[in-house]
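So you know, we letter chains A, B, ... as the sequences are listed, proteins then strands, and number each from 1.
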Amino acid sequence: MRMSRMFFQTLREVPADADTVSHQLMLRAGMIHQIAAGIFDILPLAQRIKHKIEDIIREEMDAIGGQEVTLPMVHPAEIWQRSRRWYEIGSDMARLKDRNGRDMCLGMTHEEIMAELAAKFISSYRQLPVMLYQIQTKFRDEPRPRAGLIRVREFTMKDAYTFDRDEAGINAYYPKLYQAYFNIFDRCGLDTVAVASDTGMMGGSMAHEFMALTGIGEDTLVICDACGYSANRQVAAFRKPAPPTEAPLPLEEVATPHVETIAALAAFLGIPESQTAKAIFQIATVEGPDGQPKDQFVFAVVRGDMELNETKLTNAIKARRLRPAVTEEILAIGATPGYGSPIGIDRSQVLLLVDDLVAASPNLVAGANREGYHLRNTNYGRDYTADRVLDLVAASDGDGCPTCGAPLRTVRGVEVGNIFKLGTRYSIAMGATYLDENGESKPIVMGSYGIGPGRLMAVLAEVLNDENGLKWPITVAPYQVALISLATDKTPEVAAAAERIYADLVDAGVEVIYDDRNERAGVKFNDADLIGIPIRLTVGGKGLQRGVVEMKLRRNGETAEFAVDTLVDDVWDLIADEHERIQARVVERVLAE
RNA sequence: CGGGGCGUAGCGCAGCUUGGUAGCGCGCAUCGUUCGGGUCGAUGAGGUCGGUGGUUCAAAUCCACUCGCCCCGACCA
């Protein structure tokens with residue numbers, strides 16, 4: 001590709017709207033263009049990167065039996081109504097009507113469509129297991145797109161689905177996906193960790209997220225450096241500290257004017273936050289006795305120094321939704337915002353959940369449900385009892401690892417892929433069944449497995465860069481080689497040599513971008529660095545006099561000289577070396593269950 | 001949806017407080033100059049000042065409404 005013909009423009013200045021490195025650099029490199037919140041044009045340079053990532057994904061999926069398909073992006077409502085997700089999913093699903101007024105939606109995922117397909121084509125155990133996948137556009141009307149391509153509304157996703165006859169079947173398939181996912185990320189040059197995750201709106205029994213560790217991540221992970229335990233903070237277990245042992249003291253009301261936060265309370269009374277209990281008021285949408293959704297006031301109590309884990313709470317009560325209660329709702333159950341506690345409230349309207357550590361801790365300070373007052377020495381069992389006592393809090397830095405007890409560490413990460421054991425929810429809804437050896441009809445057991453190639457590209461940009469620009473690994477780089485001609489009007493022999501070298505490289509099958517523009521050397525070097533081409537070749541008068549072109553590796557700045565006579569072979573050797581380097585990252589991983 | 005910020009040329013910004021027919025840098029075009037890490041000079045093209053309504057002799061500027069974008073939170077395979 002001649003740079004003079006390439007559809008792109010690099011920017012010196014950083015567009016004001018971009019505040020993550022990947023967004024800034026991809027804009028500056030002329031790779032993407034935004035046309036609405038979370039909706040982007042992918043320009044030629046980025047398109048090539050995305051294609052390479054997708055090809056790696058294809059190879060790995062095919063290697064474990066995947067068969068590629070393309071499913072539609074516009075779906076009839078009826079299919080989504082059969083799984084009930086038409087009703088359960090809110091505004092994230094973009095809905096529309098066709099010309100006949102029929103309800104349709106834009107596909108945000110394809111479990112239903114895949115299960116429908118399986119229902120149509122799978123009838124015997126002899127056809128199982130099977131895996132189908134596609135690389136296709138999804139639309140999710142995210143409430144808040146952010147960080148360039150990291151979180152967008154329209155995006156490409158590789159979604160794969162396995163169909164097995166039973167749990168044992170998917171238990172055998174799942175580790176293959178686990179390994180394939182690591183292969184994909186490793187081959188793209190991205191470090192990831194797999195963490196156990198919440199199964200969320202997808203339902204299912206087991207799930208892993210593949211996370212790239214970066215400060216811009218929207219997820220918090222909990223990691224144990226000692227034993228390797230890792231989990232999304234939403235589901236992370238940990239060892240709670242032992243509660244102090246002391247005899248219960250008499251309940252005592254104490255005036256605490258204008259002390260409405262745990263921090264203020266601890267400071268006011270001169271006690272550690274761990275000797276307080278805090279009340280969190282939530283409204284959960286749960287299934288009522290009649291099967292209809294209803295709002296339930298949930299009163300959660302956790303120790304003052306700890307944080308409520310809303311995922312644990314949601315899962316514990318099987319809530320469909322959870323939102324903070326508003327002041328009127330809190331007052332209506334007899335509690336006082338800022339001074340709340342389970343003592344003295346109207347229990348008939350409330351589901352009271354108490355963290356197990358609170359229940360075991362004596363003499364905690366809690367609110368008096370009276371403006372300006374708290375209670376000293378509240379004791380679970382004596383002063384109040386809960387509907388349920390359970391683990392409700394989120395793991396934090398320094399908490400004990402659930403497997404080995406060493407201190408846990410929290411880090412931020414971006415989810416670049418996930419794998420799910422779905423179970424039979426969608427196959428039952430869609431009637432995807434098979435006959436076993438005994439002629440018995442059984443639901444197919446499904447798994448679903450996603451990767452966002454666009455997000456993966458953005459995460460690579462986020463992680464692999466320096467002050468001069470991007471640094472793509474050879475496996476995904478838009479071009480392997482940037483050939484820079486330093487010819488001027490006065491050095492046509494340099495131009496001729498560069499042209500010849502370009503032609504030779506192209507003939508040899510090297511992916512080369514040739515900077516034939518009439519620009520100064522600095523402009524060309526800077527653009528090559530910004531775009532992040534892994535291998536840079538410079539053809540200049542100085543080198544040519546000695547019969548060499550100069551090579552510089554973008555990744556580490558290493559330089560070498562290649563003789564013009566052997567250039568093509570030298571370049572191929574270097575490309576092979578770079579691939580070898582990446583391949584060396586691919587290792588066998590064992591799924592710890 | 002709650003909180004905050006911003007909409008003026010492709011990009012980055014000034015002008016707005018104190019209304020008077022829109023400017024700078026980069027980029028783009030042409031010419032010359034220079035040529036191994038974003039040369040220098042000249043000329044030029046390019047703007048419904050996000051939109052609508054209002055106030056006024058006069059609105060980028062003041063007022064109201066509205067749309068869009070970004071950030072934090074909520075939410076999220």
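Closest to the side chain of A:T10, from the set B:C69, B:G38, B:G37, is B:G38. Looking at the side chain of A:E310, the nearest of the listed nucleotides B:C75, B:C70, B:G38 is B:C75. For A:F525, the side-chain atoms get nearest to B:G37 when compared with the rest of B:G37, B:C72, B:G38. Side-chain proximity of A:K490 to the nucleotides B:C35, B:C11, B:A74 is greatest for B:C35. Comparing B:G12, B:G36, B:C35 by their nearest atom to the side chain of A:P15 picks out B:G12. Among B:C35, B:C70, B:C72, the nucleotide with an atom closest to any side-chain atom of A:R146 is B:C72. The side chain of A:Q34 approaches B:C69 more closely than any other nucleotide in the set B:C69, B:G38, B:A74. Counting only heavy atoms from C-beta on, A:V523 has its side chain closest to B:G38 among B:G73, B:G12, B:G38. When distances run from any side-chain atom of A:R520 to the nucleotides B:U39, B:C70, B:C71, the shortest one goes to B:U39. Residue A:A16 places its side chain closer to B:G12 than to any other of B:G12, B:G36, B:C71.
Within the nucleic acid shown, A:R536 comes within 4.0 Å of at least one base atom, counting heavy atoms only. Heavy atoms of A:D159 sit nowhere under 4.0 angstrom from any nucleic acid atom. At the heavy-atom level, A:A487 lies nowhere under 4.0 Å from the strands shown. Nucleic acid contact for A:F155: base, since at least one base atom lies under 4.0 Å from a heavy atom of the residue. Note on A:G541: a base of the nucleic acid sits closer than 4.0 angstrom, heavy atoms only. At the heavy-atom level, A:A18 lies nowhere under 4.0 Å from the strands shown.
Looking only at atom types and distance, the side chain of A:Y449 has a donor-acceptor partner in the side chain of A:T162 under 3.5 Å away. For the residue pair A:S4 and A:D516, a side-chain donor N or O sits within less than 3.5 Å of a side-chain acceptor on the partner.
If you measure from atom CD1 of A:I533 to atom P of B:G37, you get 20 Å, rounded to the nearest angstrom. Between A:N518 atom CG and B:A29 atom C1' there is a gap of 14 Å when expressed in whole angstrom units. If you take CD of A:E218 and P of B:G73, they are 10 Å apart, rounded to a whole angstrom. With rounding to whole Å, A:F40 atom CZ is found 11 Å from B:C69 atom C1'. Whole-Å rounding puts the A:N526 CG to B:G36 P distance at 14 Å. At whole-Å resolution of the value, CD1 in A:I216 and P in B:C71 are 11 Å apart. Rounded to an integer number of Å, the gap from A:N309 CG to B:A74 P is 13 Å. For the pair A:R546 CZ and B:G36 C1', the interatomic distance rounds to 13 Å; values are reported in whole Å.
Minimum interatomic distance between A:R425 and A:S83 (heavy atoms only, all atoms of both residues): NH2-O, 3.2 Å.
Between A:R2 and A:E499 a salt bridge is recorded (basic side-chain N to carboxylate O distance below 4.0 Å). Using a 4.0 Å cut-off between charged nitrogen and carboxylate oxygen, A:E218 and A:R146 count as a salt-bridge pair. Between A:E550 and A:R536 there is no salt bridge, since none of the side-chain N atoms of the basic residue sits less than 4.0 Å from a carboxylate O of the acidic one.
When each of A:D17 and A:E13 is assigned the nucleotide of RNA chain B bearing its nearest heavy atom, the one mapping closer to the 5' terminus is A:E13. In terms of position on RNA chain B, the residue among A:Q282 and A:G148 whose nearest nucleotide sits closer to the 5' end is A:G148.
Applying side chain to side chain contact (heavy atoms under 4.5 Å, CB included) to A:D41 and the options A:H33, A:Q47, A:M31 leaves one that passes, A:H33.
A distance of about 27 Å separates the P atoms of B:C6 and B:G47, rounded to the whole Å. As rounded to the nearest Å, B:A22 and B:G46 have P atoms that lie 14 Å from one another. As rounded to the nearest Å, B:C69 and B:U33 have P atoms that lie 48 Å from one another. The separation of B:G23 from B:C28, taken at their P atoms, amounts to 23 Å, rounded to a whole angstrom. Rounded to whole Å, the separation between the P atoms of B:A9 and B:U61 comes to 15 Å. Across B:G2 and B:A59, the matching C1' atoms stand 34 Å from one another, rounded to whole Å. Comparing the same atom, P, in B:C40 and in B:G4 gives a spacing of 44 Å after rounding to whole Å. For the P atom pair drawn from B:U18 and B:A64, the interatomic distance equals 15 Å after rounding to whole Å.
Within the structure, every side-chain polar atom (N or O) of A:Q9 is placed at least 4.0 Å from both OP1 and OP2 of B:C26.
When Watson-Crick and G-U wobble pairs are counted only if both distances are under 3.5 Å, B:C1 pairs with B:G73. Pair check for B:U39 finds none; no Watson-Crick or G-U wobble contact set falls under 3.5 Å. Pair check for B:C24 finds B:G12; Watson-Crick or G-U wobble, both atom distances under 3.5 Å. For B:A60, there is no paired base (Watson-Crick or G-U wobble, both distances below 3.5 Å). Searching all strands for a Watson-Crick or G-U wobble partner of B:G7 with both distances below 3.5 Å returns B:C67.
Between A:L537 and A:V539 there is no side-chain heavy-atom pair separated by less than 4.5 Å.
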